[in-house]
Amino acid sequence: MQLPEAFIQKYSKLLGEEAPAFFHAFDEQPTKGFRLNPLKTHVEPLNHAIDDPVSYCQFGYYGSVSGKTIDHQSGLIYSQEPSAMYVGEVAHPKPGDRVLDLCAAPGGKTTHLASYMNQQGLLVSNEINRKRAEILAENVERFGLQNTIVTNESPDTLEKHFVNFFDVVVVDAPCSGEGMFRKDHEAMQYWTPEYPLSCANRQKKILQSALQMLKPGGRLIYSTCTFAPEEDEQNIAWLLKNYADLKIVPIKKYPGMSDGRPEWADNNSELAKTLRIFPHKMRGEGHFIAQLEKQINDSNRKEPKLQKTNVTKQQKQDWHKVADKLLTNSIEDSRLLVFGDYLYAMPANLPDLTKLQVIRPGINLGVFKKNRFEPALPLALAFKPVNFQKPVQISEEQWQKYVHGDTFTITKDVENGWHVLTNHELTIGFGKVVNGVVKNFYPKKLRFEIKN
Ligand SMILES: C[S@@+](CC[C@H](N)C(=O)[O-])C[C@H]1O[C@@H](n2cnc3c(N)ncnc32)[C@H](O)[C@@H]1O
């Protein structure tokens, strides 16, 4: 790969003897990987081998993902570059925690963080870019997350709503993406010698907001997929100088992982506790990770007002008419929230969202049409087959028709009405059965064709 000349000069100087091996790694194939979704691992993948685990990630495997498979469509797997998997592993929130993923699209870290939370607590997954936030919401829904809301805010707006609120904040920062060069050659086109510094300034602003939202005793996980010291050790050095209440928490280093480089910042030896993944030392594209803790102080912590349900009597009736026949356990009415024509189930104890741009305030349960309610795909994906009454098992051939948007026939003894469709013990979506024909409600924008 033809790396920019200034890049070669910079890293020759920084890495010395190690530099040739580092540059050589850019000519190797990128490393691919995926994580299994523990919310759905009552079954093994159908279409992907899990014989090459990533040693440092509980859910991670090496291998590439095919999107047009039951594994992917059902949310059983999520494609993620292996070194990025260590960010979620370091963050490792507990069920019940309040967690913020501040720069979240397309959702690699969010889905990973949720994997430890077992649908409990609250995960706020935020993305500043609207289009990317919509893709993030799609991935959150595919993964079946019940405790996650997706917001589309700038960090400085978000910070006003969640002061000292979160147990864990992840800042997977927009960066100069030097670790992406091998995977995405275009990333190199943006690179100039000045680019890392301009990214570092933007990252400092994001970090300032992140710290406002972190509660005393909480942890901040900062990561980038770049090698640039300006965005990595130098930003952490800046934090330590400017925030007396922050301390670095060491990160466990697996074979091949490297210490952060104090000499690439202000020589503060604490910076060695941060972590670097280099592509010439491990099977991965490269990452920088730092973990910091906000010391306990006596700052005032005011609990925010909670979001109240706003569903009308008629809407409640329309929802229950469908839900009572579809679900084995009901969703509490106090969690129902209407946004436009859509009905959502909020996570428990959700703070008031009135002034925020919200893409998804919880599970999208469905849409109110004139005098009726139509269940939506995310409701099917958020639960297991056992959580639905009378699930209908479909074959792989029927699944292919379903994801293509076609109607298909099933045995005539299946009752008319809404049914969750399953394959291989995984929920796939909803179909409306009318006299042995399954009407297709798979969202148009997600449809795809399998060419045999
Ligand atoms: C490295 S990507 C995040 C990847 C994501 N965490 C994942 O694992 O899938 C950084 C994200 O930050 C967003 N971003 C860009 N400028 C931002 C800003 N000023 N504040 C917050 N986020 C920003 C980008 O749109 C991008 O989606």
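Note that ligands are numbered from 1 as they come in the structure, with each ligand's atoms numbered from 1 the same way. We're numbering straight along the sequence, starting at 1.
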**OP:** Verify the ring-centre separation between Phe23 and Tyr11: is it less than 6.0 angstrom?
**Re:** no

**OP:** Under 4.0 Å from a heavy atom of Pro155: give me the atoms of ligand 1 that qualify, with their elements.
**Re:** 20 (N), 21 (C)

**OP:** With heavy atoms of Lys109 as the reference, note each atom of ligand 1 found under 4.0 Å away.
**Re:** 6 (N), 7 (C), 8 (O)

Original post:
Hey, does the side chain of His42 reach the backbone of Lys40 with a donor-acceptor pair shorter than 3.5 angstrom?
Top reply: yes

**OP:** Compute the ring centroids of Tyr402 and Phe441, then answer whether they are less than 6.0 Å apart.
**Re:** no

Original post:
Do any heavy atoms of Ala104 fall under 4.0 Å from ligand 1?
Top reply: yes

Original post:
Below 4.0 angstrom, N of the basic side chain to O of the carboxylate: do Glu332 and Arg335 qualify?
Top reply: yes

Subject >> Top protein contact for atom 6 (N) of ligand 1, by heavy-atom distance >> reply: Asp172 OD2, 2.7 Å

Original post:
Thinking salt bridges, do Arg35 and Glu81 make one under a 4.0 Å N-O criterion?
Top reply: no

Original post:
Given that the side chain starts at C-beta and the backbone is N, CA, C, O, which of these parts of Arg202 lies under 4.0 Å from ligand 1, counting heavy atoms, or is it both or neither?
Top reply: side chain

Original post:
Purely on distance, is any nitrogen or oxygen of Asn129 under 3.5 Å from one on ligand 1?
Top reply: no

Original post:
Charged N to carboxylate O under 4.0 angstrom, Arg142 versus Glu138?
Top reply: no

Original post:
Which of these, Leu136, Asn139, Ile128, Asp101, has its nearest heavy atom closest to atom 17 (C) of ligand 1?
Top reply: Ile128

**OP:** Using heavy-atom distances, let me know which of Cys199, Pro174, Gly177 sits nearest atom 15 (C) of ligand 1.
**Re:** Pro174

Subject >> Shortest reach to atom 1 (C) of ligand 1 by a heavy atom, considering only Ala173, Cys175, Pro106 >> reply: Ala173

